[in-house]
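Here's the structure we're looking at; comments come further down.
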Amino acid sequence: MEEGLDLRRYAAVLRRWWWLIIGCALLAAASAYAVSTQLTPVYKASVTLLVHQASTSGTSDYAAILTSERQARTYAEMITEQPVLEAVVAQPGFDMDWQDLASRVDVELVQDTQLIRLSVEDTDNARAAQAANAIAAAFIAQNKALQQERYAESLGSVRQQMDELSTLIEQTQAAIDNMGVPETAQQEAELSRLEIILAGYRTSYVGLLQSYEQMRLTAAQTADNVSVFRQAEAPDLDDPVSPRKMLNTALAGAVGGLLAVGVAFLVEYLDDTIKTPEDVNRALGLDTLGVIGKLAKGTEELVAVTRPLSPVSEAFRVLRTNIRFSSVDKPIRTLLVTSAGPTEGKSTTAANLAAVMAQAGLKAIIVDADLRRPRLHQVFGIHPRGGLTGSLLEGTMDGRLQPSQVEGLAVLPAGERPPNPSELLGSRRLRELLGLLTQHVDVVVIDSPPVLPVTDAAVLAQSVDGVLLVIDAGETRRGIAQHAVESLRQVGANVIGAVLNRMSAGKGGYYYYREYYGDGGEKRKQREHKKQKTPTQPR
């Protein structure tokens, strides 16, 4: 359940800040696209080299493959070294130094193969392909020269030994020819010795010749162990590797949106105002009995009378119903409406709540107990004569209750401002007055000063059945509201719940009122009301 509440809270944050998230995403995407269009396109051409399987006699094919892969890794490092690149930039058409060329070259091994992919990036697509092919050709030529040089000394040494043996063979053969036919046993022995020596020379020569030929073959195979598998071709002008306009735009939009989401959650974390019914429950431990929307500019405060079908009026009716069910065992006959601080809409809330109670058939009286800054006489458009102050001072209400625009609702204005409002509101006469009022009506709604600036509300809270706390959604700070609730509870007040006032459309429960009782819903209700009044014509 907690996880569901958290998810709903996160969704509510996203709904509140959707304009910032979408705006940042669009701004970042547009900026990335604009920058990408101004950048010079870069093209990439690739040539693929094949490292042939190494020739290793007396070893398995697997060992030969591993040797070839090691050779490929070695060659991948050698390709970007200075000797190869200097040979390339020395060619016509390359007006750059080898370090500049090295910064444009990328070499990668194709995994589990003997292939090397050499890529070159350049703002000129044709030059990129030319450079890639030139680097490949230069490397192959240098590698062949290195391999040939590696075997040249060994081949020269064997060749020298062969030449020396050839000379010895010729000399020995000449000595045998000069002896002719042996006449004595000594000459015959000498001839046999020379023939044995000649046979040894010839055997050694044949061995050296075989070694020489094998070495030449190995040198040839090793020198040609790298070849071009696929030549580089000039890439299409419409396919640069950078900038990737669409990719950059999409990534920038995503990053901009994510940053905006982070900013939104940071602001929400730092914002300690109460904005939703969940905030009321978590911070104050109170139920939200009503969610009242913002009044449009120019709308009269007594909206329950002037616009009874509006979503705000319906919200007050929901509040009335919730108050009635908040204390079933002990009906609330006297209800104090207050707020933590000034300008949170408590007087407007009290006036409209009293009006919808009277519209429901209840006899109601609304009392302006804000003796410091009274406002109810302005809301109802009545004269503040006598009022509560006079009733408390003289101990009688004669002539001080005034009728309102709503049938069944009377108003007791504040009257003159006394020098000691707290003493008057905490007096025995006030309790007697409330008892007298409740004998004649069903409910008495009392508008009081805010809780925190003065003690009037705390004093009054001890004399009523219930207290309703008005909270300005998105404006009332959590700590201030908590302090107000604690102050009321310390004097034993029965705080029955809270009202979230001035809730923006789309927030909290007010969304559902707008959905059903919005402007379209109000017009629909008006049409249905007219149809009910129109008599059905006979056919």
Side-chain angles (χ1 to χ4, degrees), residues 9 12-13 15-17 267-268 270-304 310-316 318-319 322-323 335-354 368-370 372-376 378-379 445-454 456-458 461 467-488 493 495-511 513-514:
R9 191 158 70 245
V13 172
R15 281 199 304 271
R16 281 195 293 273
W17 293 93
V267 171
E268 290 288 330
L270 297 176
D271 184 7
D272 65 344
T273 59
I274 296 176
K275 295 179 284 296
T276 65
E278 290 80 9
D279 293 341
V280 174
N281 187 264
R282 281 196 308 270
L284 309 180
L286 297 176
D287 293 328
T288 302
L289 301 181
V291 179
I292 311 300
K294 285 183 178 179
L295 293 178
K297 258 189 176 181
T299 304
E300 293 186 21
E301 290 181 276
L302 203 58
V303 67
S310 68
V312 175
S313 298
E314 183 60 31
F316 279 114
V318 172
L319 173 61
N322 290 337
I323 290 173
L335 177 65
L336 179 69
V337 180
T338 186
S339 60
T343 69
E344 295 190 33
K346 60 175 182 58
S347 298
T348 304
T349 301
N352 284 282
L353 177 58
D368 193 348
D370 190 347
R372 300 174 187 271
R373 301 177 65 181
R375 286 199 66 249
L376 287 185
Q378 297 174 354
V379 175
V445 179
I446 305 166
D447 177 26
S448 80
V451 177
L452 297 183
V454 291
D456 299 12
V467 177
L468 183 66
L469 184 66
V470 178
I471 295 173
D472 193 352
E475 295 295 332
T476 303
R477 296 191 175 277
R478 189 179 297 113
I480 293 175
Q482 289 171 341
H483 189 190
V485 173
E486 289 172 5
S487 299
L488 291 171
V495 184
I496 62 172
V499 178
L500 268 179
N501 192 31
R502 298 170 183 164
M503 176 75 82
S504 298
K507 293 183 180 179
Y510 188 57
Y511 171 79
Y513 305 144
R514 292 283 298 182

For residues A461 and L488, report the shortest heavy-atom separation together with the two atoms involved. CB-CD2, 4.0 Å

Side chain to side chain contact (heavy atoms under 4.5 Å, CB included) involving V454 - partner list, sequence neighbours excluded: R372, P449, D456

Mind checking whether N281 and T288 have side chains closer than 4.5 Å, heavy atoms only? no

Applying side chain to side chain donor-acceptor pair (under 3.5 Å), can you list everything that pairs with D447, at least two apart in sequence or on another chain? K346, S347

Say you draw a straight line from CD1 of I471 to CG of L286; how long is it, rounded to the nearest 0.5 Å? 7.0 Å

Check: V499 and V337 side chains under 4.5 Å, non-hydrogen atoms: no

S339: what forms a side chain to side chain donor-acceptor pair (under 3.5 Å) with it, not counting sequence neighbours? none

Which pair of non-hydrogen atoms, one from F316 and one from L353, has the smallest distance, and what is that distance? CD2-N, 4.2 Å

Can a donor-acceptor pair be found, under 3.5 Å and without considering hydrogens, that links the side chain of N352 to the backbone of E301? yes

If the condition is salt bridge (charged side-chain N to carboxylate O under 4.0 Å, His left out), which residues does D287 pass it with, not counting sequence neighbours? none

Counting heavy atoms not belonging to Q378, are there more than 12 under 6.0 Å from its CD? yes

Checking T349 now: which residues fulfil side chain to side chain donor-acceptor pair (under 3.5 Å) with it, not counting sequence neighbours? none

Pairs satisfying salt bridge (Lys or Arg N to Asp or Glu O under 4.0 Å), at least one member in residues 468-488, at least two apart: D272-R477, D472-R502

Below 4.5 Å, heavy atoms only, C-beta onward: do R16 and T276 meet side chain to side chain? yes

Determine the minimum heavy-atom distance between P450 and A457, stating which atoms define it. O-CB, 4.1 Å

Where A498 and V280 come nearest, the two heavy atoms and their spacing: CB-CG1, 3.9 Å

Decide yes or no for N501 and T348: does some side-chain heavy atom of the first lie under 4.5 Å from some side-chain heavy atom of the second? no

Any residue meeting side chain to side chain contact (heavy atoms under 4.5 Å, CB included) with A484, in chain and number order, not counting sequence neighbours: A340, V451, L452

A351: which residues meet the side chain to side chain contact (heavy atoms under 4.5 Å, CB included) condition with it, sequence neighbours left out? L302, I366, L376, V379, F380

Would you please name every residue forming a side chain to side chain donor-acceptor pair (under 3.5 Å) with R282, sequence neighbours left out? D279

With side-chain contact (heavy atoms from CB on, under 4.5 Å) as the test, pick out the partner of L289 among L469, L319, V318, L500. L319

